[in-house]
Amino acid sequence: SQQGEEDPQALSIQEGENATMNCSYKTSINNLQWYRQNSGRGLVHLILIRSNEREKHSGRLRVTLDTSKKSSSLLITASRAADTASYFCATDERDDKIIFGKGTRLHILP
Amino acid sequence: EPEVTQTPSHQVTQMGQEVILRCVPISNHLYFYWYRQILGQKVEFLVSFYNNEISEKSEIFDDQFSVERPDGSNFTLKIRSTKLEDSAMYFCASRQGRANEQFFGPGTRLTVL
């Protein structure tokens, strides 16, 4: 089965900088979602981008999708300490279950 | 803002015991899911549920697992005879339609001793 794979596995940046995380997947999808998870906590839905969309914004978040390369990126601009978390992409192949990647651990340094 | 809720937040049980994890999905949602995340690993799909029946289940979801929507609001996951390897965070999720976002609950941390 397909799965999203995030890159890098871990990322440390200074507060105020931009953070970019990438996700690659293997098969055709209907949509792709990004989630955030604080350590040991629940999954917070960030954004959904459909296969016919190329870019989507939500506040400081920008998501791109390139279906020809089977990849997506999540950009967090002007990072804050509260952005420290793990970020997961999740692909939706048949509009039912979603498949998660292993995640990128983002650490914002003060 | 509506949200998915789960109880309990933490459940400790002895190996071989039955546990029931409870979820209240968002009220106008029609599709319901259980996922689990073993510590340090990725989130894994267990089962999807729609129109009062299982739509799909993973290999993990064997005969020891069952789901039920006993009334109009609750969605439960039962593990009949827990094993040590069932220790994980269990997440319930729901979505309004098949092409919509899946919203997750805060999770139940299950510890099997």
Out of curiosity, Phe103(B) CZ to Tyr35(A) OH, how far, rounded to the nearest 0.5 Å? 7.5 Å
Ring pair (Phe, Tyr, Trp, His ring centres under 6.0 Å) for Phe104(B) and Phe100(A)? Distances and angles first, verdict last. CA-CA 13 Å; Phe104(B) 283 73; Phe100(A) 283 82; 5.7 Å; yes
Yes or no on side-chain contact (heavy atoms from CB on, under 4.5 Å) for Gln37(B) and Gln37(A), after CA distance, side-chain angles and deciding distance? CA-CA 12 Å; Gln37(B) 184 181 34; Gln37(A) 184 180 36; 2.8 Å; yes
How long is the span from the NZ atom in Lys102(A) to the NZ atom in Lys42(B), to the nearest 0.5 Å? 6.0 Å
Treating Ile, Leu, Val, Met, Phe, Trp and Tyr as nodes and any side-chain heavy-atom pair under 4.5 angstrom as an edge, say whether Val4(B) and Phe32(B) lie in one connected cluster. no
Connected via hydrophobic side-chain network under 4.5 Å: Leu43(A) and Tyr33(B): yes
Find out if a path of hydrophobic residues (ILVMFWY) with successive side-chain heavy-atom gaps under 4.5 Å connects Val67(B) to Tyr50(B). no
Is there a path of hydrophobic side-chain contacts, each under 4.5 Å between heavy atoms of I, L, V, M, F, W or Y residues, that connects Val47(B) with Leu30(B)? no
Taking a hydrophobic cluster as the set of Ile, Leu, Val, Met, Phe, Trp and Tyr residues connected by side-chain heavy atoms closer than 4.5 Å, whether directly or through intermediates, do Val44(A) and Val24(B) fall within one such cluster? no
Give a yes or no on whether Lys56(A) atom NZ has more than 12 heavy-atom contacts from other residues, nucleotides or ligands under 6.0 Å away. yes
How about Arg69(B): does its CZ atom have over 12 heavy atoms from other parts shown lying under 6.0 Å from it? yes
Would you find a donor on one side and an acceptor on the other, under 3.5 Å apart, between the side chain of Gln33(A) and the backbone of Gln102(B)? yes
Side chain Tyr35(B), main chain Lys97(A), donor-acceptor under 3.5 Å: no
Of all heavy-atom pairs linking Asn100(B) and Arg50(A), the shortest is ND2-NH2, 4.3 Å
For Phe45(B) and Ile98(A) the tightest heavy-atom approach is CB-O, 4.4 Å
Out of curiosity, Asp92(A) CG to Arg95(B) CZ, how far, rounded to the nearest 0.5 Å? 4.5 Å
Okay, side chain of Arg109(B), backbone of Arg41(A): is any donor-acceptor separation there less than 3.5 Å? no
